[in-house]
Amino acid sequence: MSYVADLHVHSRYAYATSRDLDFDSLARHAKIKGIDLLASADFTHPEWFEESRLKLSDAGTGLFEYGGVSFILGTEVECHGRQGGRGRRVHVLVFAPDFKAVERINAALSRYGRLDGDGRPALGLLPRELLTLIKGIDERCFLIPAHLWTPWFGLYGSKSGYDSLEECFGSDAGEIPAIETGLSSDPAMNWRVPSLDDVAIMSFSDAHSAPNLGRELTVMNGEMTHDGLVQAMRQQDISYTVEFYPEEGKYHHSGHRACHVKMSTEEVRERGEVCRSCGRRITVGVSYRVEELGGRQVDTWVGDDGLIHGDTGRPPFKSLVPLREVLSESLGVGPRTKKVGRVYDRLIERFGTEMSVLIEAPIAEIDFASDERTAEGIERVRRGDIFIEPGYDGVYGTVRVLGSET
């Protein structure tokens, strides 16, 4: 069997998130998106922890249920400290099999930082120390580096990260079952890094609002249980991942936002890591960082299944544009407008989930249920026939599905 997982989400208690992020909203939007398994989010926050314990029903599988959706107890935290003569600030995802383990984790982490402020707390310990802590509490706990390449907080990030899992975790690197690609990279970029051969490459939404659930996700194989998930990661038993086009991510290219300077990998190689306008150091983006750490080139192709495959033999992926973005362009209005909402709801009612609309639904039927421009836009997204102005230094890339490149 296979199931759709999004294991990096947040609650209303995390910084810069929607006030509507509660379990009702998470479950409702998960069904719309076609997601079977969500992370419970922000379990270190005392109020959200109590709400989680009150509302989530134990399924007896190491997972929990609410509103017809399964949840795994998982959260994101920031680790900070000094290692190898450098200050490190890294975000990681932490998962636990039951509330007893979470309660003990929270009690231990309260010694390293305040838990009742941000739902994603900043903790004064390194990722390896956190891994040792959670494994000491319950061996079934596991850790996944979040948005691996993000310059500021990714484990491979250019600002305060590491050059390998081994540099970060030492002899415990083998305890890491997977990494999260983040919005600014895709699996093909990660395939270039030999040190990632032994970990699963997964993608999640990092949603700060419920409509953003599933903008990236992973289709897992095997039993949808806590142990089944871990086993699938260990065996890289993944059907495929759904990705942002990485150029749309806000750290894909390098640059300096204050000067509106964006630099490709080739430009950084030629000019160095300085802004050509003011001479200050730029934010080195994901594409250049992958070039630094990638030890090989990878050939890719689109298979008969419509998925992107590579000569490494790793699980394939599909790059998509969120449906509301396609509708926004086809209808000529904002993605959160009522006009987009009406067509969005009509397509979901007709085809069941957003994934079905974007990947499976016949184009002719989409045309019938919406209009010709929407159908054309979805068809072009499926072909990858779109134009993207890449993002850089915290600025999201701009996608044009139906417009020209000029």
Side-chain angles (χ1 to χ4, degrees), residues 2-8 35 37 93 144-151 154-157 161 164-165 176-206 214-222 229 232-253 265 285-322 355 358-359 381-384 386 388 390-391 397 399:
S2 64
Y3 57 94
V4 179
D6 184 354
L7 306 184
H8 187 175
I35 299 168
L37 177 64
L93 307 176
I144 296 176
H147 40 71
L148 185 72
W149 299 93
T150 302
L155 193 143
Y156 279 11
S164 69
L165 295 178
I176 304 302
I179 59 91
E180 180 192 26
T181 61
L183 301 183
S184 294
S185 85
D186 63 18
M189 297 168 70
N190 289 268
W191 293 341
R192 296 188 56 201
V193 183
S195 63
L196 296 178
D197 285 350
D198 295 330
V199 298
I201 295 172
M202 304 177 73
S203 297
F204 311 124
S205 68
D206 191 6
R215 59 183 177 178
E216 292 203 334
L217 49 80
T218 301
V219 182
M220 306 295 301
N221 295 324
L229 172 65
M233 288 189 293
R234 289 292 184 193
Q235 297 176 350
Q236 300 191 36
D237 191 9
I238 294 170
S239 183
Y240 62 94
T241 62
V242 172
E243 308 285 331
F244 245 40
Y245 282 91
E247 296 87 351
E248 192 177 356
K250 58 184 180 180
Y251 292 105
H252 184 74
H253 269 354
T265 295
V286 172
S287 59
Y288 185 79
R289 186 70 171 145
V290 170
E291 193 70 25
E292 282 188 314
L293 300 184
R296 62 188 172 210
Q297 296 299 318
V298 174
D299 290 330
T300 62
W301 64 90
V302 178
D304 294 338
D305 54 7
L307 302 173
I308 300 172
H309 297 256
D311 57 8
T312 60
R314 307 291 291 278
F317 67 97
K318 178 75 173 177
S319 295
L320 294 174
V321 176
M355 276 191 66
L358 290 172
I359 296 176
V381 168
R382 291 180 183 179
R383 295 197 310 261
I386 63 175
I388 307 175
V399 177

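Being a predicted model, the structure only gives us computed values, none of them experimental. Scope of the values below: all heavy atoms of this structure, side chains included, with no hydrogens, waters or symmetry mates.
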- Message: Which residues pass the ring-ring contact (aromatic ring centres under 6.0 Å, His included) test with F317, not counting sequence neighbours?
- Response: W191
- Task: Measure from the side-chain N and O atoms of R192 to the backbone N and O of R296, and report whether any donor-acceptor pair falls under 3.5 Å.
- Result: yes
- Note on the structure: Closest non-hydrogen contact found for I144 with A178 is CG2-O, 3.4 Å
- Verify whether one side chain among S185 and N190 offers a donor that lies under 3.5 Å from an acceptor in the other. yes
- Message: Could you check whether any side-chain heavy atom of V399 comes within less than 4.5 Å of a side-chain heavy atom of Y245, counting everything from C-beta outward?
- Response: no
- Under 3.5 Å: donor-acceptor pair, side chain of T218, backbone of S203: yes
- How would you list, by chain and number, every residue that makes a side-chain contact (heavy atoms from CB on, under 4.5 Å) with V199, sequence neighbours excluded? L165, I179, L196
- Do F244 and P322 have side-chain heavy atoms sitting under 4.5 Å apart? yes
- Note on the structure: Only one of T181, L155, V286, V290 passes side chain to side chain contact (heavy atoms under 4.5 Å, CB included) with L148, and that residue is L155
- H252 and M189: CA distance, side-chain angles, deciding distance, side-chain contact (heavy atoms from CB on, under 4.5 Å) verdict: CA-CA 11 Å; H252 184 74; M189 297 168 70; 3.9 Å; yes
- Give the minimum heavy-atom separation between S287 and T265, together with the two atoms involved. OG-OG1, 3.2 Å
- Query: Got a donor-acceptor contact below 3.5 angstrom from the E216 side chain to the E243 backbone?
  - Reply: no
- Item | Option among L7, T241, I238 that satisfies the side chain to side chain contact (heavy atoms under 4.5 Å, CB included) test with M220 | I238
- Query: With distance as the sole test, does K318 use its side chain to make a donor-acceptor pair with the main-chain N or O of G306 at under 3.5 Å?
  - Reply: yes
- Query: Do R314 and D197 sit within salt-bridge range, that is, some charged N less than 4.0 Å from a carboxylate O?
  - Reply: yes
- Query: Taking D6 for the side chain and G214 for the main chain, is one N or O donor matched with an acceptor at less than 3.5 Å?
  - Reply: yes
- Message: Before you tell me yes or no, could you show the steps for V298 and D311 under side-chain contact (heavy atoms from CB on, under 4.5 Å), namely the whole-Å CA-CA distance, both residues' side-chain angles and the distance that decides it to 0.1 Å?
- Response: CA-CA 6 Å; V298 174; D311 57 8; 3.5 Å; yes
